[in-house]
Amino acid sequence: MQKPMKSAMGFIFITLLIDVMGWGLIIPVMADLIAQLKGIPVNEASTYGAFLLSVFAVAQFLFAPVVGNLSDRYGRRPVLLFSLLGFGIDYIILALAPTYGWLFIGRVIAGITGASFTTATAYIADISPDETTRAKNFGLIGAAFGLGFVLGPALGALLATWGIRAPFYAAAALCLLNFLYGLFLLPESLSKENRRPFEWKRANPFGSLKFLTTHKEIGGLAISFFLIYLGAQAVQGNWNFFTIYQFHWTEKMVGISLAVVGVLVGAVQGGLTRVVVPKLGNEKSIYIGLGLYTLGLVLFAFATEGWMMFAFLVPYCLGGICGPSLQSVISVHVAPNQQGELQGALTSLMSLTTIFGPLIMNNTFAYFTSSKAPFHFPGIHFLIGAVCMLLSIIIIWKLLSREKKEQPELSKAIASAGTMSETPMH
């Protein structure tokens with residue numbers, strides 16, 4: 001069993017790596033491709049880019065619970081293979097797309113089939129014989145994300161020199177090769193006796209959000225969590241459009257900048273957080289991290305030279321120390337047997353920010369770079385993100401200050417709580 005398990009873990013690692021790399025590959029060229037297909041300037045194309053991000057997020061939000069429940073019914077293997085095949089088809093459609101509408105169709109397909117992360121996590125749990133092994137295996141998820149977000153944009157930047165469609169063909173090839181590898185070598189991890197019938201009520205995507213409405217004590221913290229991820233969409237959803245418009249960056253430069261982001265995030269989440277948070281404590285880490293996020297976003301908004309974006313990435317990415325601390329503080333407010341439901345609810349909140357965030361940020365950017373705007377301000381969406389971060393600081397400070405007065409025991413638990421997870425906020 002040892003050899004099949006190692007082989008399966010290798011496949012899962014590659015699957016997650018390709019999942020992250022695939023999107024990183026195409027980000028550098030997506031802005032120019034949309035502008036080319038629509039025959040419009042890149043700042044106007046930002047609006048259409050937002051629609052692609054949002055429709056993917058909507059499809060994933062609605063179908064991820066369905067696909068997850070299907071894996072409990074029919075096994076992990078067919079769902080993983082279906083997901084990889086779906087992503088491969090998506091990238092082929094994007095590579096061949098003669099019109100913008102084809103990009104839209106491709107992103108819907110990817111959103112529906114994009115359950116590789118959830119199902120891969122379940123696969124890891126299935127094949128890990130004990131908690132120690134499971135923790136070790138789950139560590140591969142973070143490694144795959146970090147490596148993928150560095151390699152994807154860097155490779156995308158390199159391939160873009162061969163043509164605007166080249167990264168899409170590369171992403172498709174990676175997905176389809178991994179599909180063939182899994183088709184012949186991946187064993188099923190979920191035995192038939194451990195499967196359960198498919199139930200539509202358990203596949204309700206809004207079900208996990210109900211958890212937050214029944215736990216009023218974490219309502220304010222959940223709002224802060226939502227605002228942080230909403231503010232981060234100013235960077236995630238519009239970085240390529242903004243830098244190409246404002247600084248005339250090439251696809252290669254966009255890819256290099258995103259690879260730098262991957263390195264910085266990896267350094268913060270994989271190293272700095274483990275050292276700094278235990279020394280500062282959760283509460284201080286949250287305030288300092290959110291302060292750095294706010295500073296980074298304000299600096300982005302007023303950057304006048306391309307090199308400044310690289311410099312300002314440093315304070316922005318250092319803000320990542322707040323993520324694990326905030327999740328830890330939120331977790332203290334619920335019982336141990338409700339932690340799974342809590343994490344599911346927070347994941348749903350993150351999905352909602354990916355639906356609405358790009359529409360807000362990208363459309364604001366497009367409007368304030370158009371002739372209709374009362375004044376020209378390409379970086380205004382970064383200021384909106386900064387306001388979101390500031391509001392979250394105020395909400396968290398008020399809630400924790402009140403708890404210190406009303407519930408001193410809970411405050412002690414918050415101060416001593418260890419970091420639960422390493423949630424990337426970028």
Side-chain angles (χ1 to χ4, degrees), residues 13-38 42 45-46 48-49 52-53 56 83-100 102-107 109-111 113-114 116 143-181 235-266 306 309-310 313 426:
F13 178 81
I14 293 169
T15 298
L16 293 171
L17 182 64
I18 288 174
D19 193 347
V20 181
M21 277 185 66
W23 186 237
L25 273 167
I26 66 175
I27 289 176
V29 297
M30 186 60 88
D32 284 333
L33 178 61
I34 294 170
Q36 186 183 97
L37 292 176
K38 295 296 293 183
V42 74
S46 175
Y48 295 95
L52 294 181
L53 290 171
F56 174 84
S83 175
L84 284 168
L85 185 62
F87 267 121
I89 292 170
D90 165 46
Y91 289 129
I92 290 173
I93 291 174
L94 296 181
L96 299 173
T99 64
Y100 172 79
W102 284 90
L103 300 184
F104 202 84
I105 293 168
R107 288 285 83 192
I109 293 171
T113 61
S116 57
F145 267 72
L147 187 60
F149 205 78
V150 174
L151 293 179
L155 186 58
L158 177 65
L159 291 170
T161 60
W162 294 350
I164 200 169
R165 308 272 183 156
F168 297 98
Y169 287 112
L174 285 172
C175 285
L176 295 177
L177 284 172
N178 200 33
F179 166 77
L180 291 173
Y181 171 46
V235 176
Q236 291 178 10
N238 206 47
W239 180 266
N240 49 348
F241 294 97
F242 173 81
T243 53
I244 291 171
Y245 172 81
Q246 184 73 343
F247 308 116
H248 308 292
W249 279 8
T250 62
E251 293 93 348
K252 182 178 179 180
M253 186 59 72
V254 172
I256 291 170
S257 69
L258 292 173
V260 170
V261 171
V263 171
L264 289 173
V265 170
M309 299 301 284
F310 285 92
L313 276 172
H426 308 282

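Any value given below was found using the heavy atoms of this structure, including those in side chains, with hydrogens, waters and symmetry copies removed.
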Compare all side-chain heavy atoms of D90 with those of F168 and state whether any distance is below 4.5 angstrom.
-> no
Nearest-0.5 Å distance, CH2 of residue W249 to CG of residue D32 = 13.5 Å
With a 4.5 Å heavy-atom cut-off, do L85 and L176 have their side chains touching?
-> yes
If you round to the nearest 0.5 Å, how far is CE of M30 from CD1 of I164?
-> 10.0 Å
Which salt bridge (charged side-chain N to carboxylate O under 4.0 Å, His left out) pairs, counting each pair once, include a residue from residues 239-259, with sequence neighbours left out?
-> none
Nearest non-hydrogen partners of V20 and F149, listed with the distance = CG1-N, 3.6 Å
Is there side-chain contact between I34 and L52, with at least one heavy-atom pair below 4.5 Å?
-> yes
Are any of the side-chain heavy atoms of L147 and F13 separated by less than 4.5 Å?
-> yes
What's the shortest heavy-atom distance between P153 and P28, and which atoms?
-> O-CG, 4.1 Å
How would you list, by chain and number, every residue that makes a ring pair (Phe, Tyr, Trp, His ring centres under 6.0 Å) with Y48, sequence neighbours excluded?
-> Y100
On a heavy-atom basis, the closest approach of L159 and A170 is CD1-CB, 3.4 Å
Pairs in or reaching into residues 149-178: which pass salt bridge (charged side-chain N to carboxylate O under 4.0 Å, His left out), with residues at least two apart or in two chains?
-> none
Mind jotting down which residue pairs meet the side-chain hydrogen bond (donor to acceptor under 3.5 Å, both in side chains) criterion with at least one end in residues 144-163? Sequence neighbours excluded, please.
-> none
Nearest non-hydrogen partners of L174 and I18, listed with the distance = O-CD1, 3.5 Å
To the nearest 0.5 angstrom, please state how far the CG atom of L177 sits from the CD1 atom of I14.
-> 10.5 Å
What pairs meet the side-chain hydrogen bond (donor to acceptor under 3.5 Å, both in side chains) rule with one or both residues in residues 145-159, with sequence neighbours excluded?
-> none
Applying side chain to side chain contact (heavy atoms under 4.5 Å, CB included) to A171 and not counting sequence neighbours gives L25, Y91
Heavy atoms only: give me the nearest S257-L313 pair and the separation to one decimal.
-> O-CD1, 4.1 Å
Any idea which heavy atoms bring A172 and I92 closest together, and the distance?
-> CB-CG1, 3.7 Å
Angle class for the F87/F56 ring planes (parallel below 30°, perpendicular above 60°, tilted otherwise)?
-> tilted
Can you measure from CZ (F104) to CD1 (I93) and round to the nearest 0.5 angstrom?
-> 13.0 Å
Any F242 side-chain heavy atom under 4.5 Å of M309 side chain = yes
What's the spacing between L94 CG and I89 CD1 if we round to 0.5 Å?
-> 12.0 Å
